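Quantities reported herein were computed from a predicted structural model and do not represent experimental measurements. Basis for what follows: all heavy atoms, side chains included, without hydrogens, waters or symmetry-related copies. Numbered from 1 within each chain, the chains take letters A, B, ... in sequence-line order.
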Protein chains: 2
Amino acid sequence: MFRDCKDVVGPVRVGDKWTCRILRCLRDGDRRFSELRVPLSAITPKVLTESLRAMERDGLVRRTAHPGVPPKVVYSLTDLGRRLLEFMDTICDWTVTNLPEILEARRAYDERVSV
Amino acid sequence: MFRDCKDVVGPVRVGDKWTCRILRCLRDGDRRFSELRVPLSAITPKVLTESLRAMERDGLVRRTAHPGVPPKVVYSLTDLGRRLLEFMDTICDWTVTNLPEILEARRAYDERVSV
DNA sequence: CCGTATCCATGGGGATACTG
DNA sequence: CAGTATCCCCATGGATACGG
């Protein structure tokens, strides 16, 4: 449904594998780099860094580095990021609403071709 | 924004490169296989076939084969496909609305890092 | 702790040729 | 015309190790 919208959306870091999940992790407040890796357990630091950088650049998240040793960096949602998060919820609602019909179509299709 | 929703969406053929564009090509009426290739000029028959099959399976498009030689097959939107198409329009609306803010964020970011 | 640097695996999708 | 059949590229992103 959505990756195609990259063309419409153009440059927005939208439609990739991690953006939505990262936004969700930040829903309830700031998170540190390592705290983000926990719920996104499969993510490697490289990929997380890339994702966060791109999202920061697009104004979806804010990066705040607290000086000192050991370093401490927290990520938080911007207003734009929060609006996107909420909009993604409506997208998921659409899916939840329509999923039964999709699954039924698929069941019917599979039965037709298997015969 | 959206590819991640594949996880939410799960099995739905949504978030891939072609679904949205194909739906748009069918907006104004039925189209034949070769007619679809014109507006989707970059698409190869293999990819178009794969996309259409998956969309048919998910109940987004309907495939109607008219017997005879040469063969004639037309694709059309199902009700579900049309609802998805309309919903994609609202997604694009969100983007259009928010794109200026994103671009501005990006401009500011690039200036910051280039300094 | 918060990343970078390297290398590598995978699969989506493109190019091309062919068939019923 | 409406696809199949092959081959192949390459970007995304995973694994691992290391650095400030």
Contact list for DNA chain C against residues 29-40 of chain A - heavy-atom distance below 4.0 Å: A/Arg32, A/Phe33, A/Ser34

Throw together a table of side-chain donor-acceptor distances under 3.5 angstrom for residues 30-43 of chain A, partners on residues two or more places apart or in other chains.
unit_1: A/Glu35; atom_1: OE1; unit_2: A/Arg32; atom_2: N; d: 2.7
unit_1: A/Arg37; atom_1: NH2; unit_2: A/Ile43; atom_2: O; d: 3.2

Which angle, to the nearest 10 degrees, lies between the helix axes at the two ends of the helix from C/dC1-D/dG20 to C/dG20-D/dC1, each defined by five pairs? 40°

Spacing of CZ belonging to B/Phe87 relative to OG1 belonging to A/Thr95, to within rounding of 0.5 Å: 7.0 Å

Residues forming a side-chain hydrogen bond (donor to acceptor under 3.5 Å, both in side chains) with A/Asp89, sequence neighbours excluded: A/Arg27

Roughly how many Å is it from CD in A/Glu50 to C1' in D/dA11, rounded to a whole number? 11 Å

Is the shortest side-chain N/O distance from B/Tyr75 to OP1 or OP2 of D/dC1 below 4.0 Å? no

Figure out the NE2/P separation between B/His66 and D/dA2, and round it to whole Å. 11 Å

Does any non-hydrogen side-chain atom of B/Leu84 lie less than 4.5 Å from one of B/Leu80? no

Output all residues satisfying salt bridge (charged side-chain N to carboxylate O under 4.0 Å, His left out) with B/Asp93, sequence neighbours left out; order by chain, then residue number. none

Salt bridge (charged side-chain N to carboxylate O under 4.0 Å, His left out) filter on A/Arg83, not counting sequence neighbours, yields B/Glu101

Which pairs would a plain distance check flag for residues 108-115 of chain A, meaning a side-chain donor or acceptor within less than 3.5 Å of a matching protein atom at least two apart in sequence or in another chain?
unit_1: A/Asp110; atom_1: OD1; unit_2: B/Arg57; atom_2: NH1; d: 2.7
unit_1: A/Asp110; atom_1: OD2; unit_2: B/Arg57; atom_2: NH1; d: 2.5
unit_1: A/Glu111; atom_1: OE1; unit_2: A/Arg107; atom_2: NH1; d: 3.1
unit_1: A/Ser114; atom_1: OG; unit_2: A/Asp110; atom_2: O; d: 3.2
unit_1: A/Ser114; atom_1: OG; unit_2: A/Glu111; atom_2: O; d: 3.0

Among residues at least two apart in sequence or on other chains, which ones pass side-chain contact (heavy atoms from CB on, under 4.5 Å) with A/Thr97? none

Could you check how far CD1 of A/Ile43 sits from P of D/dG13, rounded to whole Å? 9 Å

Ranking A/Arg53 and A/Pro71 by the position along DNA chain C of their nearest nucleotide, the one closer to 5' is A/Pro71

Here the distance between atom P of C/dG14 and atom CG of B/Leu48, to the nearest Å, is 11 Å

Ranking A/Lys46 and A/Arg63 by the position along DNA chain C of their nearest nucleotide, the one closer to 5' is A/Arg63

Quick one: which residue pairs count as a salt bridge (Lys or Arg N to Asp or Glu O under 4.0 Å) with a foot in residues 60-74 of chain A, not counting sequence neighbours? none

Nearest to the side chain of B/Val47, which nucleotide is it out of D/dT4, C/dG13, D/dG14? C/dG13

